[in-house]
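Beneath this line is the structure, given in structure tokens, with notes to follow.
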Amino acid sequence: MSEFYKVQERNGEFHVIDTRPDDSQTDETSVVSYSTRQEAEGEARRLNENSLG
């Protein structure tokens, strides 16, 4: 199972990053940001599960 959504810390915020290969994007796109790592990891997990179906 590939995990395309990962958590990355930027400037004290935790961003859910979309790492799916996409020719239209030149870098990793931030989908949403949270103030805590726990919230961001929960959202990344949910998005990864949804992307499988």
Side-chain angles (χ1 to χ4, degrees):
M1 173 175 111
S2 294
E3 291 192 358
F4 294 118
Y5 296 94
K6 301 183 184 292
V7 176
Q8 185 177 80
E9 184 177 1
R10 295 181 184 171
N11 301 322
E13 292 184 329
F14 297 94
H15 294 258
V16 178
I17 306 298
D18 181 354
T19 63
R20 293 177 295 179
D22 183 346
D23 295 336
S24 67
Q25 299 293 332
T26 57
D27 60 356
E28 295 178 335
T29 303
S30 177
V31 178
V32 67
S33 64
Y34 292 95
S35 58
T36 68
R37 179 176 292 277
Q38 183 178 4
E39 289 175 305
E41 287 177 346
E43 181 66 5
R45 190 175 312 110
R46 186 186 70 77
L47 289 168
N48 281 317
E49 289 170 0
N50 289 344
S51 69
L52 295 176

Salt-bridge test for E43 and R46: reply yes if a basic N is under 4.0 Å from a carboxylate O, no otherwise. yes
Heavy-atom count around Q38 CD within 6.0 Å, excluding the residue itself: above 12? no
Over all atoms of both residues, closest heavy-atom pair of R37 and F14: N-CD1, 3.3 Å
Please report the closest heavy-atom contact between S35 and E39, naming both atoms and the distance. OG-OE1, 3.7 Å
For E41, which of V7, T36, V16 qualifies under side-chain contact (heavy atoms from CB on, under 4.5 Å)? V7
With a 4.5 Å heavy-atom cut-off, do R10 and S33 have their side chains touching? no
Exam field: side chain T19 to backbone F4, donor-acceptor pair closer than 3.5 Å: yes
Test item: H15 and Y34 side chains (from C-beta on) under 4.5 Å apart, heavy atoms: no
Point-to-point distance, once rounded to the nearest 0.5 Å, from CZ of R20 to OG of S51: 7.0 Å
Determine, using the 4.5 Å side-chain heavy-atom cutoff (strictly less than), whether V32 and Y5 are members of one ILVMFWY cluster. yes
